[in-house]
Protein chains: 2
Amino acid sequence: MTIDPDGVKAPYRQLADILRERIISGEIQPGRRIPSQTELEQEFPLSRNTIKKALDVLKDEGLLVSAPGRGLFVAEQPDT
Amino acid sequence: MTIDPDGVKAPYRQLADILRERIISGEIQPGRRIPSQTELEQEFPLSRNTIKKALDVLKDEGLLVSAPGRGLFVAEQPDT
DNA sequence: CACCATTTGTTCGTATGTATG
DNA sequence: GCATACATACGAACAAATGGT
């Protein structure tokens, strides 16, 4: 998956969609850490601020839990 | 204080007036940090751009000094 | 204990595009 | 055309937490 800067959806929403898919599909297991913002910055042509904005979306959705100093982890219980 | 979107004065000018009053009245002491643009965004129904525009007015007036990465501070010497 | 690298969080500065009156 | 307002994006700097040396 790649980001289209000229797509209808804003890049940060596109990235959120990509990462959400990786989580829901099970590509990244619950409790596992996802790539750091710096690593995502290398994988996608976006600034760290934009990366973080996408991650904030997923945190709001309850898919990710942050651990400052350690990283971002896939939530254990996305549903209840 | 609140912002009136339909007021005679543009919202960013209204906000500048409100914040100027807080500074001149001493509600926010010289050298002290003012609420971040994000916090002001929560307090007032304006976009960050508009918030910033109001703050730029106060910076131009010499009431505020910016410290990138830290915040905006009330100037020590509003006058000279 | 000190030091440092990594990582997330926060903040301001600047710029572009879009929309409205 | 201009002023105003919002959404988005990138850059930079600083802070705090963590973990290793």
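A quick note: this is a predicted structure, and the numbers were derived from the prediction, not measured.
- For B/R13, a side-chain nitrogen or oxygen approaches OP1 or OP2 of D/dT4 to under 4.0 Å.
- Protein atom CG of B/D56 is 13 Å distant from nucleotide atom P of D/dT4, rounded to whole Å.
- Using a 4.5 Å cut-off on side-chain heavy atoms (C-beta onward), A/I18 and A/I3 make contact.
- Out of D/dG19, D/dA13, D/dA5, the shortest distance to the side chain of A/R48 is found at D/dA13.
- An OP1 or OP2 oxygen of C/dG9 is reached within less than 4.0 angstrom by a side-chain nitrogen or oxygen of A/S66.
- Contact check, A/Y12 against D/dT8: a side-chain N or O comes under 4.0 Å of OP1 or OP2.
- Contact annotation: B/T50 side-chain N/O to D/dC6 OP1/OP2 distance is under 4.0 Å.
- Residue A/L72 is in sugar-phosphate contact alone, with no base atom involved, counting any heavy-atom pair closer than 4.0 Å across all strands shown.
- Using a 4.0 Å heavy-atom criterion, one finds that A/P45 contacts the sugar-phosphate atoms exclusively.
- Atom CZ in A/F73 sits about 11 Å away from atom C1' in C/dT8, given to the nearest Å.
- Between B/R70 atom CZ and C/dG9 atom C1' the separation is 17 Å, expressed in whole Å.
- Counting heavy atoms from C-beta outward, A/L19 and A/L40 have side chains that approach closer than 4.5 Å.
- For the pair B/L40 CG and D/dC6 C1', the interatomic distance rounds to 17 Å; values are reported in whole Å.
- Residue A/K59 is classed as a sugar-phosphate contact, given heavy-atom separations below 4.0 Å to backbone atoms only.
- Among the atoms of the strands shown, none is found under 4.0 Å from any heavy atom of A/L55.
- Between B/I51 and A/P5, the residue whose closest nucleotide on DNA chain D is further toward the 5' end is B/I51.
- With rounding to whole Å, B/Q42 atom CD is found 11 Å from C/dT10 atom P.
- Residue B/E41 contributes atom CD, which lies 11 Å from atom P of C/dT11 at whole-angstrom precision.
- B/G62 and B/A75 get closest at one heavy-atom pair: O-CB, 3.1 Å.
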>> For A/Q37 and A/L55: C-alpha separation, side-chain torsions, deciding distance, then whether side chain to side chain contact (heavy atoms under 4.5 Å, CB included) applies.
In response: CA-CA 9 Å; A/Q37 294 175 9; A/L55 296 173; 3.5 Å; yes

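- A straight line from NZ of A/K9 to P of D/dA7 spans 18 Å, rounded to a whole angstrom.
- In this structure, the salt bridge (Lys or Arg N to Asp or Glu O under 4.0 Å) partners of B/E43, at least two apart in sequence or on a different chain, are B/R22.
- For A/S47, counting side-chain heavy atoms from C-beta on, the closest listed nucleotide (C/dG13, D/dC10, D/dC6) is D/dC10.
- A/K52 comes within contact range of at least one nucleobase, with a heavy-atom separation under 4.0 Å.
- Residue A/Q37 places no side-chain N or O under 4.0 Å from the OP1 or OP2 atom of C/dT6.
- With D/dA5, C/dT8, C/dT11 as the choices, the nucleotide that has an atom nearest any side-chain atom of B/P11 turns out to be D/dA5.
- If you measure from atom CZ of B/F44 to atom P of D/dA5, you get 14 Å, rounded to the nearest angstrom.
- Ion pairing between a basic and an acidic side chain is recognised when a charged N comes within 4.0 Å of a carboxylate O; A/R20 and A/D17 show such pairing.
- Listed candidates were D/dC6, D/dA12, C/dG9. Nearest to the side chain of A/N49 is D/dA12.
- For B/A10, whose side chain is taken as the heavy atoms from C-beta onward, the closest listed nucleotide among D/dA5, D/dA17, C/dT10 is D/dA5.
- Residue A/K53 has its side chain nearest to D/dT8 when only D/dT4, D/dC10, D/dT8 are considered.
- For B/S36, the side-chain atoms get nearest to C/dT11 when compared with the rest of D/dC6, C/dT11, C/dT10.
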